[in-house]
Amino acid sequence: MSKCTILIIEDEKNIQTFMGKVLKQHDYRVLSADSGAQGLEVIRSQCPDIILLDLGLPDMNGDDIIREVRTWTSTPIIVISARTAEKDKVRSLDLGADDYITKPFGTSELLARIRASLRHSNRLRTNDPLYVRPYKHKGLVLDFSKRLLTIDGREIHLTPIEYKIVACLAQNSGKVITYASILSDVWGPYADSDNKILRVNMANIRRKLEADPAQPKYIFTEVGVGYRMAEDEEG
Ligand code: CA
């Protein structure tokens with residue numbers, strides 16, 4: 001099997017070097033670019049499997065790169081951001097980025113984000129139905145074909161809306177999903193843009209799933225952005 005190729009677009013040399021070293025150690029092939037223009041050039045010529053993109057580049061705004069790349073490829077893009085402003089993250093995700101990671105980040109977090117995005121894009125590419133195999137994490141099993149959720153073998157009753165929310169997150173496990181994309185996935189294109197109905201449903205889901213809703217094991221809140229479900233154990 002050939003190695004996955006990861007392109008790092010990042011002008012800070014020490015971060016670029018650190019990520020490159022970590023990724024090579026984990027058997028990825030690594031390409032690097034110091035500017036947006038160089039990054040776009042490498043994307044066109046080398047077709048990487050995944051793109052790690054710093055939003056603050058000397059020559060271009062990272063969002064312009066996302067917009068440009070999304071006109072011709074669905075290659076996963078993980079935004080690397082020093083910014084903590086939620087609206088920047090949401091904007092990048094809504095423009096077509098797959099996920100984000102905020103500096104400073106650890107090695108295991110970086111690798112988990114990459115795994116989740118690659119797994120998701122492979123599923124889309126092979127058209128492998130997401131339903132073949134149940135989602136599993138720490139005793140929770142979601143069987144998509146039976147629409148059945150169990151925890152340690154005990155069936156958990158969900159309303160149809162609650163099921164749709166959990167299924168949407170489980171099918172994208174390990175990735176952050178914005179409020180807007182959950183709303184449109186569950187309630188359709190005419191969904192109310194108000195998050196309140198989602199928050200109410202999520203509170204009910206947590207009460208059913210989590211032993212301690214303040215210390216969730218399965219569904220995590222990304223404040224101001226959306227939710228992330230724990231990575232599928234058999235991913
Ligand atoms: Ca930068």
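Heavy atoms only: backbone and side chains are in, while hydrogens, waters and symmetry mates are out. Read the numbers this way: they start at 1 and go in the same order the structure lists the ligands and their atoms.
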**Fill in**
So ring pair (Phe, Tyr, Trp, His ring centres under 6.0 Å) across residues 160-187, not counting sequence neighbours, yields Y179-Y227
**Message:** Does the plane of the ring in F18 sit parallel, tilted or perpendicular to the ring in F105? Use 30° and 60° as the thresholds.
**Reply:** tilted
**Asked** Can you name the side chain to side chain contact (heavy atoms under 4.5 Å, CB included) partners of A180, sequence neighbours left out?
**Response** T178
**Asked** In Å and rounded to the nearest 0.5 Å, what is the CD1 to CG distance from I77 to D99?
**Response** 12.0 Å
**Request:** Only counting residues at least two apart or in another chain, list the ones meeting side chain to side chain donor-acceptor pair (under 3.5 Å) with R199.
**Result:** none
**Test applied, side-chain contact (heavy atoms from CB on, under 4.5 Å); reference residue, I80; option that passes from L55, L52, I9** = L52
**Fill in**
Distance filter < 3.0 Å from the Ca ion (ligand 1), protein N/O/S hits 3
